[in-house]
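A quick write-up on the structure given underneath.
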Amino acid sequence: MINKLIASVLPYFPKKFVWIFSRSYISGETIEDAMRVSKDLNNKKVSVTLDVLGEFIKSLEEAEENKREYLHLIDVTHKSGVNGNFSVKPTSFGLLIDKNTCYEHIREIVTRAASYNNFIRIDMEDSPCTDLEIELFGKLKPEFPASVGLVVQAYLKRTLDDVKGLTYLNNEMHPLSFRLCKGIYVEPEAIAYKNYEEINRHFLEDLDYMLSNKIHVGIATHDKNLIDGASRLLEKYEVPKNMYEFQMLYGVTPRLRESIVNEGHPMRVYVPFGKKWFGYSTRRLKENPKIASHIIKAIFFKG
């Protein structure tokens, strides 16, 4: 109850207070912060996916600004020698304002990444965006077969059908690449599973389908039960290491992450940064109120 209370009121606290919590889960406000954290993770045999925070913009001028920031990020990452790729949220580029402008912006970003033999992951946002983001991916994948992937969310009842509907794009030379996560947005029960065991069951069902059909998967979870289930499926299908990776959030379950790396599995960590960190931080807390206990510890033990 205390954790949920803190989670509900935190968005109304001063940003300096919220940063006490956020600094453990966000690399910082600048590209320099992101490069520093990414290099540290690389030194621990962990690759990264970089994300400039900010979504659900209100104008196409913001979309243009976000595009320029990503193009700069891609250039800097390449010059820095960081082992990492990039995640983009289509609403940051005007998906809900003008989907064609959004497509052109993201296509330009993918083009820049592809010029460095790099990769862009299209994030999946809440349900009003699902069809639009699948459509966007379907337009980009044929043109950039090795440089674009998509996130899918196991708690949505439609997800396995969506994956199956995209298998026409899968081939041995350039397999589909999905990041499979549980899902973070609050959705109606009519379209989303709510029960923990039910969500986990469908996560592993989706993963089983992907692995058995030679689809590349980013297994994005901090749930030990899912990690164990995924390990059994990887062994069952004798999946080569170039066809999967485990993925985690920066600052979350570092010991579990280290144990997976020590077992020889490929690992990628999501490294968010940017001046628009406040919305990300408060949403993370609402998703997982247990994090509130870490805030209390941060206040009293980290100053």
Side-chain angles (χ1 to χ4, degrees), residues 7 10 15 18-55 69-70 73-74 76-77 80-89 92 118-125 149 151 153 179-185 217-224 226-227 244-262 265-295 297-298 301-302:
L10 194 71
K15 284 190 175 183
V18 179
W19 182 248
I20 295 172
F21 146 70
S22 303
R23 64 187 179 188
S24 296
Y25 305 95
I26 295 171
S27 61
E29 292 192 346
T30 68
I31 287 182
E32 290 75 20
D33 293 325
M35 294 299 102
R36 171 181 46 80
V37 167
S38 296
K39 288 178 180 179
D40 180 61
L41 288 165
N42 285 175
N43 289 335
K44 296 174 182 176
K45 301 179 180 179
V46 174
S47 57
V48 300
T49 186
L50 292 154
D51 179 39
V52 183
L53 294 172
E55 55 200 280
E69 188 166 9
Y70 261 92
L73 171 63
I74 293 168
V76 170
T77 302
S80 299
V82 164
N83 178 10
N85 57 35
F86 311 92
S87 288
V88 297
K89 288 181 172 59
S92 296
N118 212 310
F119 183 87
I120 300 294
R121 177 80 62 188
I122 298 172
D123 274 333
M124 186 62 69
E125 301 175 88
V151 177
Q153 301 176 113
R179 177 196 297 152
L180 175 63
C181 63
K182 286 191 181 184
I184 62 172
Y185 298 92
V217 191
I219 307 165
T221 183
H222 299 267
D223 188 324
K224 186 62 165 59
L226 287 181
I227 291 167
Y244 78 95
E245 61 188 18
F246 285 95
Q247 297 185 353
M248 290 186 167
L249 298 169
Y250 174 62
V252 181
T253 61
R255 291 182 181 177
L256 180 58
R257 180 190 75 210
E258 184 178 356
S259 71
I260 294 171
V261 173
N262 289 340
H265 295 291
M267 170 65 70
R268 185 178 302 275
V269 166
Y270 171 83
V271 177
F273 76 96
K275 296 186 182 300
K276 299 176 182 178
W277 55 265
F278 186 79
Y280 173 84
S281 300
T282 53
R283 189 177 75 240
R284 278 275 162 244
L285 187 63
K286 289 178 181 178
E287 292 158 17
N288 185 5
K290 292 180 181 178
I291 294 175
S293 63
H294 296 297
I295 298 175
K297 291 178 183 177
F301 296 107
K302 295 183 181 179

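These numbers were taken from a predicted model, which means no experiment stands behind them.
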Walk me through it: do I120 and I74 pass the test side-chain contact (heavy atoms from CB on, under 4.5 Å)?
CA-CA 10 Å; I120 300 294; I74 293 168; 4.2 Å; yes
Results of side chain to side chain donor-acceptor pair (under 3.5 Å) for [X] - residues two or more places apart only:
X: R179; value: S87, D123, Q247
X: D223; value: K182, Y196, N200
X: N83; value: none
X: N118; value: none

Using the rule side-chain contact (heavy atoms from CB on, under 4.5 Å), only one of D51, D33, V37 pairs with V271; which is it?
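Among D51, D33, V37, the one that satisfies the side-chain contact (heavy atoms from CB on, under 4.5 Å) with V271 is V37.
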Hey, could you give me each pair passing salt bridge (charged side-chain N to carboxylate O under 4.0 Å, His left out) that has a residue in residues 245-260? Not counting sequence neighbours.
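Every pair satisfying salt bridge (charged side-chain N to carboxylate O under 4.0 Å, His left out) with a residue in residues 245-260: E245-R268.
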Minimum heavy-atom separation for L256 and H222, please, with both atom names.
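Here L256 and H222 meet closest at CD2-O, 3.5 Å.
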Which residues pass the salt bridge (charged side-chain N to carboxylate O under 4.0 Å, His left out) test with K39, not counting sequence neighbours?
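For K39, no residue satisfies salt bridge (charged side-chain N to carboxylate O under 4.0 Å, His left out) once neighbours in sequence are set aside.
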Straight-line distance of [X] [atom1] to [Y] [atom2], nearest 0.5 Å:
X: L50; Y: Y250; atom1: CG; atom2: OH; answer: 12.0 Å
X: I184; Y: Q153; atom1: CD1; atom2: CD; answer: 7.0 Å
X: I227; Y: S259; atom1: CD1; atom2: OG; answer: 7.0 Å

Would you say the side chain of I219 lies within less than 4.5 Å of the side chain of H265, judging by non-hydrogen atoms?
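A side-chain contact is absent here, since even the closest heavy-atom pair is not under 4.5 Å.
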Salt bridge (Lys or Arg N to Asp or Glu O under 4.0 Å) evaluation trace for D40 with R36:
CA-CA 6 Å; D40 180 61; R36 171 181 46 80; over 6 Å; no
Results of ring pair (Phe, Tyr, Trp, His ring centres under 6.0 Å) for F273 - residues two or more places apart only
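Ring pair (Phe, Tyr, Trp, His ring centres under 6.0 Å) list for F273, sorted by chain: empty.
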Give the intermediate values and the outcome of side-chain contact (heavy atoms from CB on, under 4.5 Å) for residues R121 and N85.
CA-CA 8 Å; R121 177 80 62 188; N85 57 35; 5.6 Å; no
Would you please name every residue forming a side chain to side chain contact (heavy atoms under 4.5 Å, CB included) with V261, sequence neighbours left out?
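Per chain and number, V261 pairs via side chain to side chain contact (heavy atoms under 4.5 Å, CB included) with K45, V46, M267.
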